[in-house]
Amino acid sequence: MPPPTLPPLPLRPAAPAPNIGSDMATVELRGVCKSYGAVHVVRGVDLAIADGEFLVLVGPSGCGKSTVLRMIAGLEEVTEGELRIGDRDVRGVVPRDRDIAMVFQSYALYPHMTVRENLAFGLRVRKFPKEDIATRVQEVAAVLELDLLLDRLPKELSGGQRQRVAMGRAMVRRPKAFLFDEPLSNLDAALRSQMRVEIKRLHRELGATMVYVTHDQVEAMTLADRIALLHQGTLQQVGRPDELYDRPANTFVAGFIGSPAMNLLDGTLGGDRDTPVVCAADAVIPVLADGLPADLAAGARVRLGVRPHDLALADAGAASPAVGFRGTVEVVEPLGWEVHLHVRGEFGTLTARLERSVLPAPFGAGQPVRLVVDPSKVHLFDGESGRRLEAGSPGRV
Amino acid sequence: MPRLAAVVLGVLCLAAPAGASELVVWHAYHGAEAEGLGEWAAQWRQGHPGASVRLVEVPSEALTGKLASAIPRGHGPDVFIWAHEQLGAWVEAGLVAPLPAEVEREAIEVHLPGTVDPLVRDGRLYGLPLAFKSVALFRNTRLVPEAPATTDELIADAARWTDPDAGRFGLAYEIGAFYYEAPWLYGFGGGITDREGRLGLSGVANARALAFAADLQRRGLVPADANGALVTALFTSGRAAMVIQGPWFLADAAGSGIPFAISPLPVVSATGLPARPFLTIDAAFLSSHCGRPDEALALMRDLAGPAGARIRALRGRQPVTARAAYDDPRVAGDPALAAFREQLGLAVPMPSDPAMRALWEPAAFALRSTLRGDLDPATALAQAERKFRIFTRPPPPPADPLPFVFGVGGLALVGAFLAVRRARRVRLGAAIWAHRTDYLYLVPAALGVLALLVVPFVVGAAVSFAAHTGGGEFSFVGFRNFVSILSSRDFGITEPESFYYTLGVTVLWTVLNVGLHLALGIALALVLREPWVRLRGLWRVLLIVPWAVPNYITALIWKGMFHRQLGAINAVLGWFGIEPVGWFDRFSTAFAANLATNVWLGFPFMMVVTLGALQTIPRDVEEAAAIDGAGAWTRFWRITLPMIKPSLVPAVVLGSVWTFNMFNVIYLVSGGDPEGRTEILISQAYRWAFSRQEQYGYAAAYAVLIFGILLGFDRLTRRFTRTEAGAR
């Protein structure tokens with residue numbers, strides 16, 4: 001069924017709408033901090049979210065991503081820094097006057113109200129005319145396929161249906177910006193991927209600014225125009241999903257984005273200026289000479305990053321047998337088309353993701369292997385700070 | 001079988017002598033009087049080896065009730081000691097035995113004149129006098145060296161010391177209590193009996209006496225609304241120059257260290273007649289069920305006679321009635337006993353007519369409305385007399401119980417039939433048998449409920465169809481109590497004794513209380529939930545304290561705070577230049593005082609319930625509403641309140657029932673003032689039962705009506721909440 005599009009509605013509030021600034025739904029954080037007493041939850045976040053952008057705040061639990069979202073919503077006060085929605089400084093502005101909508105992880109539906117009343121609540125308290133409310137609720141219900149559920153109580157709905165009501169409650173007001181706080185984490189896997197598509201579609205149709213908090217990198221990668229990755233209250237990297245994937249700014253981003261996670265090994269820079277290598281224990285990995293900072297000297301401690309799918313099995317009789325990771329297969333995880341190999345060697349452990357067809361038969365645990373990687377696919381990070389090393393970046397911080 | 005009989009006989013033989021050798025005496029004395037009695041008993045035991053006496057101290061408020069229930073069943077004392085004023089009721093109920101004629105002749109010789117007559121009823125003597133009690137004038141001899149002989153002198157002496165701003169009064173007594181008004185009634189030539197000895201209140205002399213008391217209060221010579229504790233406090237702290245008090249005040253007066261003297265009440269200047277207080281005679285009475293009246297009588301004579309009297313006078317400091325006791329120089333030399341003996345000659349024995357008990361309430365209302373200036377004395381007394389006649393009207397004529405028995409029997413049959421049919425349909429017997437162990441565990445609780453709830457309820461309901469004809473006898477009157485109450489036959493609808501007026505007050509009382517409990521409880525719970533509140537645990541505990549303190553203690557504290565001259569509330573109002581408010585003078589303020597007390601008592605319950613209910617609300621629902629555009633008030637009204645409502649509704653029902661029957665606050669704070677206008681149904685029922693001629697049937701009918709109203713209210717709220725839930 002092709003999804004009906006949401007036609008623009010001539011909404012006429014009975015009372016003058018609260019002053020909500022310009023129509024530009026940009027969100028801007030400058031040096032935003034949040035602390036509870038001596039506990040610093042968010043430390044100096046700078047973030048500019050463009051009008052109509054879908055920004056995903058991602059990070060492990062406790063990283064402060066929900067707090068950032070709640071500060072944008074006005075549910076938490078900003079301890080320090082500046083927060084603007086549109087061209088207005090919204091510090092001290094109550095949530096109702098920020099013209100934003102929020103979808104909660106728990107959905108936070110009003111349990112004593114029917115679906116219809118839940119959807120209409122935001123419009124009713126803003127004193128929209130009754131007919132407009134009814135039309136608006138009907139339309140949103142149609143978009144979200146809630147038409148037949150309008151007179152039910154939340155407790156009579158399934159998880160997915162509740163989720164849709166929560167979305168509808170946000171949509172019905174047509175706010176400048178939507179805030180999502182892990183909206184899919186209470187759903188099962190199938191429903192989650194379905195709702196992901198729905199949200200993506202809604203974003204395309206509504207063209208509204210959306211800020212979406214999740215700890216799930218799949219949601220982040222699939223939904224985001226840009227991802228902001230937070231760790232311990234500090235912004236690690238902001239960029240398009242492919243940027244974060246291809247050029248992680250540090251080892252934390254490198255380890256967080258991508259599944260299975262990037263292999264990270266300690267090593268030292270060796271070889272000469274034109275044919276540099278990284279040595280990790282007995283493994284010798286050639287890297288690209290023009291990918292290195294000019295001032296990075298041989299012997300420098302680095303961290304070597306290789307994505308599992310960039311590893312390949314070296315042919316037994318191939319040239320330069322000294323190159324690559326030598327080790328023994330510990331575990332083989334067959335996943336249909338692909339296979340994950342866990343390999344242990346003197347360098348530590350590695351995960352390799354290989355096409356099943358490339359594996360020689362018979363193949364199993366205990367098998368000695370040599371894994372090689374294309375020098376252009378090797379990521380290098382500073383051994384101490386963990387920052388990405390590349391041409392143009394300083395070799396030592 | 002013979003062995004069993006032998007055992008039983010043995011037990012009886014063991015039990016019988018123990019009971020036979022001991023005479024049981026009930027009394028309500030404490031302190032010095034109890035010590036005096038104890039000393040006499042010890043001496044009596046020495047003089048009567050083989051016989052024994054056991055003194056049982058019964059709390060004074062319980063003694064008469066216990067006598068009425070114990071004696072007819074043969075469990076009561078052999079002899080009991082109490083004031084003579086209940087004699088009429090006891091004779092009617094057959095609780096006391098008349099004494100032989102020779103004892104009467106002896107008593108007249110042994111005792112002071114005027115102390116035996118009050119114990120005679122229908123020409124027969126029923127007790128031996130022990131002590132006489134009446135009020136007299138205590139004065140602080142530093143402030144008033146000479147006893148005032150006339151009321152003019154009394155007023156002049158009092159005026160010298162009076163300074164209400166400093167909390168000093170020339171004279172203090174319980175001016176609102178009718179007992180203390182009696183001396184002026186007689187002093188002005190009036191009284192409470194007419195020439196035929198019938199009780200009554202109206203009369204010009206009585207009106208003048210009431211006006212005299214009102215004048216004392218208006219001039220500020222006497223503190224308004226004083227109770228016994230206040231009078232004691234004023235005198236013992238030197239803030240009252242004179243007080244009118246009885247012998248029971250001696251210990252306090254002596255303990256205060258204030259030099260004092262006692263003299264008879266003064267002569268009323270306007271009439272030249274002495275002010276004559278009520279006289280009560282403490283006497284020993286012989287139980288009508290006493291097994292050994294001869295021995296008991298001997299004991300009574302010893303107790304009342306010269307030997308016993310001397311001990312009681314010296315040790316117990318009692319104004320004893322036996323003349324011979326005063327031959328002892330130590331007794332004769334006691335100035336306090338001498339003063340009370342002087343007053344005795346001028347005192348009027350309190351009528352022992354059972355109807356007297358119904359006189360106090362209307363008489364007090366008349367007195368207080370005069371003191372407040374609401375009514376002129378004559379009108380107030382006429383109204384009081386009318387109410388007295390209603391309270392003492394004869395019980396309704398007995399009804400034929402036959403139709404009633406048929407009706408109840410028929411209903412019971414139908415009920416039993418329906419119950420049996422239902423039990424068979426659900427196979428109750430089989431179910432009980434299958435779970436017999438479980439049901440066995442329920443038996444103790446079920447027996448408790450049966451004994452403590454069901455039986456009293458059924459008995460109470462049964463009494464509502466009867467009228468108490470005196471002496472514990474009841475006659476069946478059918479629905480006449482209900483008809484009389486519901487038709488408001490005796491009282492106009494706006495009179496405070498009318499059922500509908502009281503119902504209106506009760507409903508107003510309940511609605512305002514529960515509303516304020518809810519508002520305050522919810523508000524505090526919401527504040528306590530706020531993150532910025534510090535020391536939350538401490539606040540929570542402090543706010544529950546009013547609930548934790550027993551409510552009668554709180555009620556008495558608030559009663560004190562509302563006192564016109566010495567209460568904290570008027571003192572605070574005084575800081576802002578507001579004139580002292582006579583809180584119990586007007587309905588609105590008296591009701592407000594009750595309300596304030598009960599709101600203080602009731603809000604913690606609602607607060608606790610709300611706090612608990614708020615825990616169950618996820619915070620993000622309220623946050624969602626805030627983002628949706630709801631302000632604080634809308635959020636509370638549209639989100640928070642509906643979500644905590646399921647927890648609040650049972651609390652409101654419970655709170656309403658408690659408040660509807662909140663006897664303690666009404667009884668202890670306003671006491672129904674003014675003129676019973678702040679009574680609620682339950683306190684009104686209490687008045688009918690215990691201060692208006694023991695109209696137990698009438699009171700039980702009130703209780704049944706209260707039960708019906710509350711049952712209806714509960715059903716209504718249930719239906720209301722159910723339909724609301726159903727609409728969802």
Side-chain angles (χ1 to χ4, degrees), chain A residues 13 15 17-18 20 36-37 66 69-70 72-77 93-128 151-156 165-166 169-170 172-173 175 177-179 181-182, chain B residues 518 522 525-527 529-537 609-652 717-728:
Chain A
I20 50 174
Y36 301 97
S66 285
L69 192 78
R70 290 170 62 82
I72 298 173
L75 298 173
E76 302 278 357
E77 279 177 29
V93 176
V94 294
R96 58 177 291 179
D97 295 337
R98 294 191 181 197
D99 197 26
I100 38 110
M102 183 156 164
V103 178
F104 290 80
Q105 179 176 3
S106 66
Y107 317 139
L109 300 182
Y110 311 127
H112 56 290
M113 296 186 193
T114 60
V115 170
R116 186 192 306 281
E117 290 165 333
N118 263 283
L119 294 177
F121 183 77
L123 299 176
R124 278 174 66 187
V125 297
R126 284 166 200 268
K127 305 218 179 341
F128 280 86
D151 292 316
R152 292 213 197 152
L153 284 174
K155 66 179 177 197
E156 297 160 341
V165 177
R169 196 172 59 180
V172 80
R173 271 181 28 227
F178 287 82
L179 308 178
D181 189 4
E182 311 212 17
Chain B
L518 263 180
I522 292 176
L526 288 173
V527 169
R529 196 177 60 145
E530 287 300 318
W532 47 263
V533 176
R534 289 177 194 274
L535 300 174
R536 200 168 309 183
V609 171
T610 310
L611 270 175
L614 285 174
Q615 307 278 326
T616 65
I617 302 186
R619 210 68 214 245
D620 54 11
V621 173
E622 287 171 278
E623 290 175 349
I627 291 175
D628 259 350
W633 178 249
T634 315
R635 274 205 304 280
F636 168 71
W637 199 245
R638 304 276 296 276
I639 306 293
T640 314
L641 192 61
M643 287 176 75
I644 58 175
K645 209 176 90 179
S647 315
L648 285 183
V649 167
V652 166
T717 43
R718 268 170 205 239
R719 173 169 297 186
F720 172 68
T721 47
R722 205 183 301 136
T723 47
E724 196 169 69
R728 294 269 174 241

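A, B, ... follow the sequence lines: proteins, then strands. Residue 1 opens every chain.
Contacts between A:Arg70 and chain B at a heavy-atom distance below 4.5 Å involve the side chain alone, from C-beta outward. For chain B, the nearby part of A:Leu109 is the backbone; its heavy atoms alone come within less than 4.5 Å. For A:Ile100, the parts lying near chain B are the backbone and the side chain together; criterion is any non-hydrogen pair under 4.5 Å.
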Could you pull out every donor-acceptor pair under 3.5 Å between side chains of residues 630-642 of chain B and any protein atom, sequence neighbours left out?
from	atom 1	to	atom 2	distance (Å)
B:Arg635	NH1	B:Ala630	O	3.0
B:Thr640	OG1	B:Glu622	OE2	3.1
B:Thr640	OG1	B:Arg635	O	3.4

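Interface remark: of the candidates A:Pro111, A:Pro175, A:Ala170, A:Pro111 forms the most heavy-atom pairs closer than 4.5 Å to chain B. For the set A:Val94, A:Val125, A:Val103, A:Leu179, the entry with the most heavy-atom pairs within less than 4.5 Å of chain B is A:Val125.
The environment of A:Arg124 atom CZ is sparse: at most 12 non-hydrogen atoms of other residues, nucleotides or ligands sit within 6.0 angstrom.
What you find for A:Ala73 and B:Ile627 is that their closest heavy atoms are CB-CD1, 3.9 Å. Across all their heavy atoms, B:Ala624 and A:Arg169 have their closest contact at CB-NH2, 3.4 Å. Closest of all the heavy-atom pairs between B:Ala626 and A:Pro95 is O-CB, 3.9 Å.
Although no hydrogens or angles enter the test, the distance criterion places no donor-acceptor pair under 3.5 Å between the side chain of A:Arg96 and the main chain of B:Ala625.
When the heavy atoms of residues 611-620 of chain B are compared with those of chain A, the residues falling under 4.5 Å are B:Asp620, listed by number.
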